[in-house]
Structures are given as structure tokens and as C-alpha cells.
Amino acid sequence: MLIAKLAWHRGQGGDVASRRVAEILRAAWAESPEGTGLPASLAAACVRSLSVSGVGMALMTDQGPAGIIAATDGAAMELEELQFTLGEGPCVDASHSGRPVLQPDLARTAPLRWPAFAGGALQAGVRALFAFPLQVGAIRVGVLDLYRDRVGPLSADELIEALSFADAATLVLLNVQAGYPVSMPVPVLDDRAEVHQATGVVSVQAGVGLAEALVLLRARAFADERPLGNLASDVLAGTVSFRKDDDTG
Amino acid sequence: MREQRLAEVFVELADTLVEDFDVVDFLQTLTERCVELVDTDAAGLMLDDQRGHLQVVAYTDEPTRLLELFELQKAEGPCLDCFATGQVIANVDLAAVRSRWPVFTQAALREGFAYSHALPLRLRRQVVGALNLFTVERRALSEDHLAVAQGMADVATIGLLHERALRDQVVLAEQLQTALHSRIVIEQAKGVLSARAGIGVGEAFTRLRTHARRTGEQLTAVAEAVVTGTLDDGDLRPVMDLA
């Protein structure tokens, strides 16, 4: 069923998933044009389009949870605060391992895996929890937590939708973390190897972290009105440089 | 002698399936062994990214990666059909099927390939990716070679899912995302290392991998260390030319 759907999408020849990410960002932007409310709008839209009870979003660094960005209700806030305080839980694991942590039946699995976290989460009425890392390779920006007050997995369609929300949230938090204003339209992340390689090159050239290097690349592509992949190829070929004492760019 | 080599390769692959193995490194080795054992010239492996796309996760050389990317961008070609249907699409004589896949065949022929073969990475009824092989010489693969190729595709699936129960949709989702994440970290590290050491990204990859082999660390862990600066480019010595 999932595969049939994917095949259909591909048959249309379109970039369906990326288009969905752009759609999500556009809708959130329309709700919060000044940009500061974007994470909250994203979280609210996520609750509306999935069969979940609430959504939380937290900033993460290599050291662990670094701040709560959005929570759609009390239980979502409780979840984020628990993990922030305890330094353990599905969102911490998701961020650390770079993989989603999907827990359709928290009461069965959590007490063993996260003893301190489990009690508080169950008491808050959380029965299922789905944590998605918000990151681009080694760039960790945060985590998106979807919770539900009853047990049961996400359907295949919902998983795709949740990953699209995670992609959208990643783009927003990247700018937040690098201290850049969220500009619109936000160019959708190009997932080609060249872009990730060029991100590494730019981080060395400009002497900044990978997160900021990626933001610099995207901003330059946007300003020059050219595709990100195209700019990345020039960076790799050496015809565009981000060295501070260099005017090639 | 070939049987012996075949057994060696399967043992090698099984050996890498230990706790905390590196998915991308494993799939990379698998594509390289495919070329060696199946009598083909290039191989690439694509995985479902669960966002409506396939992504190229391992490949034996840069032109092959570009060809596979091209196929994904144009949404046309035997690998995509193999993924969509779950059927093996092997022994495709590229010059003879121009009308079926006009854009893909033209690009593949331009790369110098005469034959292509696509094998599904299948878990029961679900297809999670495809293994693609390309041959320069205009000749079909034997039944034996095809059986080995499908065996390699099955090993890739097992490798993706090995550590826990296969029944679990959840595990599949987690593993696929891990593989994609690792691939990105490695690409970022290739960029960082190439800029620091003044080398190409291909050479950077070789140095990352050689270091991982020598120290027994995971390729993704080595890549993370390069990216965070805990591993200096001086630690990643150039590869000795043994030829």
C-alpha cells in the first residue's frame, strides 16, 4: 500500500515530499509572518494533520536538550520538561543516535529503557511517543516529539507526514540555532551529496560550524537566485569560495 | 575457486553484522563485492527514504552515483520500476530498450554501459530499496551470477534489519533513517577533510574508510570525529600506493 503510493508519486514525476515540506512551511509562515511564532505554528499544524494528541519541539546540542521551543498542550510540555531535567528519554536517544525512536506502547517499553522518564510520562497520560531527530547529518538542531494518549503505531502514511514535518522543523530550527532570521520563502533542503560535501568545505573555509555553513550556503543560493546543488558544485570545484579574505563569491 | 571466494565474501559480510555495525560501510562493501563476484563493472544501492523518494546510499564510483541520481531525478529507469514492482529487472540490453526508458538509456549508454540489472531489496511484500548493477560489455549475466546478485540484495536487506525482529515496521523505519543520516554525515566529513587537506572528495572518502578499517571504528564515527574536529587530517594518513 505504501509502496503503491510511493510509486504513484514517482509516476507523477514530481518532488512530492519536498513539495509537502514547502507547503507545511508556507502554511506556518502565513500564520506567523513575523517568524517568531513559526515553531508553535508548525507544532499546531502537526497535531491537526496527524492522529496524535500533542506535539513538542526541543532544541538539542551534542550535550543534550538545550531548550523547549514549542509544546501544544500541558502533557507535551511535561514530556519536554522531563527529558530536559532528566537528560534521558526517547527524544534524547533520537537526537543522539540520529534515528527516529518510535514507541507505540510506552507502558510496555519505557520503564526498562528510561526508568526515570517513564513514570512521569505515563502519569502525564502519554501512552505512545514518536520522537524524530531534527538534523542534517552531523548537524543536530533538535527533536520533534509526537505523543498520543492511547497505544498504537503511526500508520505508514502518517509516518511520511511526520517525517515531512520533521524536515520542515529542521529548516526552521537551523536558522534559529545559527541566529539567522527565518526568511521566506525558505529554500527546501536539497538532499544531494554535493550539498553536504560543500557544507563541509564551507565550514572549513569560513571557520564556522556545519550548521552555520549550511545556512550560509542556502542564503547565498537564495540571494543569487540559483539552485543550491548548482552552487554546491561550484564550491567543490573551487570556483566559489567562502573564505573571509576572498572575493570569488 | 570462485565458490571459495563467494563463501569468503559472505563470511566477510556476516562478520560485519556485529553489534553497532556501520550500515553505510556495510552497504558500500557489499556493492564493491557485487562488482567482483557478479561479473559487472559498477554497482549502486538505493533505499526508500520514506518521504516518497529513493536515495543513493552506496555506490562503487562517482559516475555511477551520478547516473543513479539522474535516474531518480528523471523518475525513469529499470531501477525505479524494480523498486515499484518488487520484480527483478535484469539483463536489460540498454541499446535495445531505448523506447522504454529513453532518457535513462541514453545517459547509461553515454557512461559506456551496455547492460543494466536491478534487484529488489525485499522484506516479504515490502520493497525497501534496489541494488543496481551495470555492465560495460554487451553480454547477459548467467543464471548463477543473477542468483548471487539476488543473494547480495537479500544480505543487504538483512543487514539493514538484522539486529531486531523483522516483523517490526518500526524497526524498518528507524533503520532506513539511520542509513540516510549516516550517509549525510559521511558526505559532510568528506567536504571538511577535502578542504582541510586540500584533496578531492573521492580521496577524502578513501582516507576516512582506511582509517576506520585500521582502527576498527565505525565509518560514521570517524566521519563524526572529523566533522567535530576531534580527528585531525594529520591523523588520517594518505593511503599508501601498493600497486
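Just so it is clear, the model here is predicted, and its values are computed rather than measured. As a basis for the values below, the full set of heavy atoms in this structure was taken, side chains included, without hydrogen atoms, waters or symmetry mates.
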Residue selection (most heavy-atom pairs with chain B, distance under 4.5 Å) from A/L210, A/V235, A/T199, A/L236
A/L210

Any pair counted as side-chain hydrogen bond (donor to acceptor under 3.5 Å, both in side chains), so long as it reaches residues 99-110 of chain B, sequence neighbours left out
B/D81-B/W101

Contact origin within B/E224 toward chain A - heavy atom pairs under 4.5 Å
side chain

Need one label for B/R65: side chain, backbone, both or neither, based on atoms under 4.5 Å from any heavy atom in chain A.
side chain

Cation-pi between B/R33 and B/F26: NZ/CZ under 6.0 Å from ring centre and within 45° of the ring axis?
no

N-O pairing of A/R26 and A/E23 below 4.0 Å
no

By side-chain hydrogen bond (donor to acceptor under 3.5 Å, both in side chains) - contacts of A/R150 (at least two apart)
none

Below 4.5 Å from any heavy atom of chain B, which atoms of A/E161 appear? Answer side chain, backbone, both or neither.
neither

